Trainee: 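Structure in structure tokens, see below.
None of these values were measured; they are calculated from a predicted model. When reading the values below, keep in mind they use all heavy atoms of this one structure, side chains included, and skip hydrogens, waters and symmetry mates.
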Amino acid sequence: ATVIFALAVALGLNRIVNLKWRNVWAAMYFLPFATSLVAAALIWQWIYEPVYGFLNYALAFVGIPPQKWLQSLAQVLPSIAAVSVWVRIGFDTMIFLAALQTIPGEYYEAANIDGASAVQRFRYITLPMLNPQIVMVCILELIFNFKIFDQVYATTQGGPAGASQTIIMLLYDTAFKFFRFGDASVMAVFVFVTLMVVTLLQWRILRKPVEY
């Protein structure tokens, strides 16, 4: 979701002709990434608060009853995922925006002459030219989400009933709550190996060199 939203935002920003306004909007999207993860998690914890939270207050205006975002077994993971998307979207947007500005305009001019539609230009020019950045962003997001800890620990501490416990939080609890350092070390090795294998698979499957 982060990769898709970041690409959509970058495409929108790239269409802004005025450089000043483009920089202003880009800075607004990048600001959450520069914020402390713990501080961002605490802000969202207040937003998600069932009784006094801003989100339930806003939903009340459209007739939606209050939701137990971080206290619900079904809603806790999507709620935390939304925080992660909010934090990371600015960083990925900057990568895509920089890459979009390096695509030669002659490609789009030639496509227009050949009668290509906007969807065809996006599919056959923009996406292939962005392939290296898409692969890199996918790998970075995989690593980030694999080691997610701060916002979960600050908001739910793995609850309710362990529904939001991540692998890094399980590793942390094993080592520093139950003092089973041997087990935690084995878990860390498995996390590293799994992450390396999945990253290599992403690199081999998604990488598609393009020449025009």
Side-chain angles (χ1 to χ4, degrees), residues 1-37 39-41 43-44 46-48 53-55 57-59 61-62 64 69 75 77-146 148 150-151 199 202-203 205-212:
T2 308
V3 176
I4 294 173
F5 288 146
L7 181 57
V9 172
L11 291 170
L13 292 176
N14 194 50
R15 295 176 64 89
I16 300 177
V17 179
N18 190 305
L19 185 60
K20 178 181 177 181
W21 283 109
R22 181 195 296 171
N23 291 337
V24 169
W25 281 101
M28 290 175 61
Y29 279 105
F30 188 78
L31 187 60
F33 180 75
T35 307
S36 166
L37 287 177
I43 293 172
W44 278 90
W46 169 75
I47 294 175
Y48 284 141
F54 174 78
L55 186 54
Y57 178 78
L59 292 177
F61 283 99
V62 293
I64 299 178
W69 302 102
Q75 294 176 338
L77 283 181
S79 300
I80 294 175
V83 179
S84 298
V85 172
W86 178 77
V87 169
R88 295 287 301 180
I89 192 172
F91 177 78
D92 297 343
T93 297
M94 294 301 101
I95 295 176
F96 287 138
L97 182 60
L100 285 170
Q101 294 173 357
T102 63
I103 299 177
E106 292 82 0
Y107 295 160
Y108 295 105
E109 294 174 4
N112 285 329
I113 294 174
D114 291 338
S117 65
V119 175
Q120 289 173 324
R121 292 195 298 271
F122 175 74
R123 179 179 177 181
Y124 296 108
I125 297 177
T126 305
L127 280 182
M129 296 299 292
L130 289 180
N131 182 258
Q133 287 74 30
I134 292 175
V135 174
M136 181 181 69
V137 168
C138 287
I139 291 174
L140 290 176
E141 288 304 318
L142 172 72
I143 295 172
F144 172 79
N145 286 285
F146 233 97
I148 188 171
D150 307 63
Q151 52 264 55
T199 299
Q202 277 188 311
W203 178 258
I205 295 173
L206 298 179
R207 186 181 57 171
K208 296 178 180 179
V210 177
E211 292 184 5
Y212 284 111

Trainee: Evaluate the side-chain contact (heavy atoms from CB on, under 4.5 Å) criterion for residues Leu130 and Leu7: first the C-alpha distance (whole Å), next the side-chain angles of each, then the deciding distance (0.1 Å), finally the verdict.
Mentor: CA-CA 10 Å; Leu130 289 180; Leu7 181 57; 3.6 Å; yes
Trainee: Which residue is it: Asp92, Leu206, Leu127? I am looking for the one with a side chain to side chain contact (heavy atoms under 4.5 Å, CB included) to Ile134.
Mentor: Leu127
Trainee: State the OG-CD distance between Ser79 and Gln151, to the nearest 0.5 angstrom.
Mentor: 12.5 Å
Trainee: List the atom of Gln120, the atom of Gly115, and the distance in Å for their closest heavy-atom pair.
Mentor: OE1-O, 4.2 Å
Trainee: Are any of the side-chain heavy atoms of Ile143 and Phe146 separated by less than 4.5 Å?
Mentor: no
Trainee: Just say parallel, tilted or perpendicular for the rings of Trp69 and Tyr48, cut-offs at 30° and 60°.
Mentor: tilted
Trainee: Aromatic ring centroids of Tyr29 and Phe33 under 6.0 Å?
Mentor: no
Trainee: Count the heavy atoms of every other residue, nucleotide or ligand shown that sit under 6.0 Å from CZ of Phe5, and state whether that count exceeds 12.
Mentor: no
Trainee: Check the surroundings of atom CG in Leu59: do more than 12 heavy atoms from other residues, nucleotides or ligands lie under 6.0 Å from it?
Mentor: yes
Trainee: Determine whether more than 12 heavy atoms belonging to other residues, nucleotides or ligands lie under 6.0 Å from atom OH of Tyr57.
Mentor: no
Trainee: Can you confirm whether Val135 sits close enough to Asn131 that some side-chain heavy atom of one is under 4.5 Å from a side-chain heavy atom of the other?
Mentor: yes
Trainee: Quick one: does Arg88's side chain get under 4.5 Å of Leu140's, heavy atoms only?
Mentor: yes
Trainee: Using modelled atom types and a 3.5 Å cut-off, is there a donor and acceptor pairing between side-chain atoms of Asn14 and backbone atoms of Ala10?
Mentor: no
Trainee: What is the minimum heavy-atom distance between Phe96 and Val3, and which atoms define it?
Mentor: CE1-O, 3.7 Å
Trainee: Check whether more than 12 heavy atoms from other residues, nucleotides or ligands sit under 6.0 Å from atom CZ of Phe144, and answer yes or no.
Mentor: yes
Trainee: So which heavy atom on Thr102 is nearest to which on Ala98, and how close?
Mentor: CG2-O, 3.3 Å
Trainee: Using 0.5 Å steps for rounding, measure from the OG1 atom of Thr199 to the CG atom of Leu142.
Mentor: 5.0 Å
Trainee: Which heavy atom of Trp86 sits nearest to which heavy atom of Pro32, and what is that distance?
Mentor: O-CB, 3.4 Å
Trainee: Please name the residue in the list Thr126, Asp114, Asn112 that meets the side-chain hydrogen bond (donor to acceptor under 3.5 Å, both in side chains) test with Arg121.
Mentor: Asn112
Trainee: Taking side chain as C-beta onward, heavy atoms only, is Asn145 less than 4.5 Å from Thr2?
Mentor: no
Trainee: Which heavy-atom pair separates Pro132 from Met129 by the least distance, and what is that distance?
Mentor: CD-O, 3.8 Å
Trainee: Nearest heavy-atom pair of Ile95 and Met136: which atoms, and what distance?
Mentor: CG2-CE, 3.5 Å
